[in-house]
Amino acid sequence: MTSKRPAVGLLALQGDYQKHEEVLRRLDVSTIEVHRAEDFSKIDRLIIPGGESTTMLNLLVRFDLEDIFISFAREKPVWGTCAGMILLAKKINNSDQKAFGLIDIDIDRNGYGRQYFSTVADSQISLNGHSEELNLVFIRAPRVTHVGDKTQVLMEWKGDPVLLCQNNILVSSFHPELTGSVFLHDYFISKFWPDA
């Protein structure tokens, strides 16, 4: 017996959304690349990839997707990875770039340093009673500097929160799509925010 899984949207304006698509294909999950407003009506969940948050923001505005993006993110599960985390944060400390404030965290862009300081680390995570050793790929990653009372820290690395959630919003400062693991993608589509 197979269970019906939701169609997962991939914000496909900029960034490495195809890597997320490859992981979801391994999980036999259907995906839809989100380019236009009408694409939001076809999906149940959305992943915002890593990439360049300023460019993504500019394209959301240029293609008149900002309002529908915010409406969707207030109701449906959304996962922001790296640049996606920046867009969803409440405040960006070291930039005047707009943030959507959909999860109560403050962040520093490139909080672990520039490209040269990008790194891969191993860390253990436990979610919903399942444990996994993950490779954490940090590429010009945002660093969380403040966590609101209603935001839950799901994983830390070197004392910093790197995986967090608040209601239907999940964010990670690292790139799980660049490792061989499907653990977090499976969590997002099957176990995260089960009331959706």
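The chain is numbered in sequence order, starting from 1. Reckoned from all heavy atoms, side chains included, excluding hydrogens, waters and symmetry mates.
For Phe183, the ring pair (Phe, Tyr, Trp, His ring centres under 6.0 Å) test picks out no residue, with sequence neighbours left out. Remark: Val61 engages Glu66 in a side chain to side chain contact (heavy atoms under 4.5 Å, CB included) (not counting sequence neighbours). In this structure, Gln14 has no side chain to side chain donor-acceptor pair (under 3.5 Å) partners at least two apart in sequence or on a different chain. Residues passing the side chain to side chain contact (heavy atoms under 4.5 Å, CB included) test with Ile32 are Ala7, Lys42, Ile43, sequence neighbours excluded. For Leu178, the side chain to side chain contact (heavy atoms under 4.5 Å, CB included) criterion is met by Asp16, Lys19, Val137, Ile139, His175, not counting sequence neighbours. Residues that satisfy the side chain to side chain contact (heavy atoms under 4.5 Å, CB included) test with Glu38, not counting sequence neighbours, are Arg36.
Separation of the Phe138 and Trp157 ring centroids falls under the 6.0 Å cut-off.
Within the structure, salt bridge (charged side-chain N to carboxylate O under 4.0 Å, His left out) contacts touching residues 55-64 (residues at least two apart or in different chains) do not occur. For residues 78-96, every residue pair satisfying the salt bridge (charged side-chain N to carboxylate O under 4.0 Å, His left out) rule, not counting sequence neighbours, is listed here: Lys90-Asp104. Each salt bridge (charged side-chain N to carboxylate O under 4.0 Å, His left out) pair with one or both residues in residues 156-184, not counting sequence neighbours, appears once here: Arg143-Asp160. A ring pair (Phe, Tyr, Trp, His ring centres under 6.0 Å) check over residues 32-73, counting only residues at least two apart or in different chains, returns the pairs Phe40-Phe72, Phe69-Phe100.
Looking at Ile189 and Leu27, their side chains come closer than 4.5 Å, going by heavy atoms from C-beta outward.
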Donor-acceptor list for residues 77-84 side chains, cut-off 3.5 Å, not counting sequence neighbours:
{"unit_1": "Trp79", "atom_1": "NE1", "unit_2": "Ser172", "atom_2": "OG", "d": "3.2"}
{"unit_1": "Thr81", "atom_1": "OG1", "unit_2": "His20", "atom_2": "NE2", "d": "3.3"}
{"unit_1": "Thr81", "atom_1": "OG1", "unit_2": "Ile48", "atom_2": "O", "d": "3.0"}
{"unit_1": "Thr81", "atom_1": "OG1", "unit_2": "Gly50", "atom_2": "N", "d": "3.2"}

Can I get a per-line list of side-chain donor-acceptor pairs under 3.5 Å for residues 121-130, giving both atom names and the distance, sequence neighbours left out?
{"unit_1": "Asp122", "atom_1": "OD1", "unit_2": "Asn135", "atom_2": "ND2", "d": "2.4"}
{"unit_1": "Ser126", "atom_1": "OG", "unit_2": "Ser131", "atom_2": "OG", "d": "2.7"}

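Under the 4.0 Å criterion applied to side-chain N and carboxylate O atoms, Arg26 and Glu21 are not assigned as salt-bridge partners.
No hydrogens or angles considered: nothing links the side chains of Arg45 and Thr31 as a donor-acceptor pair under 3.5 Å.
Proximity of a side-chain donor or acceptor of Asp106 to a complementary backbone N or O of Thr145 within less than 3.5 Å is not detected.
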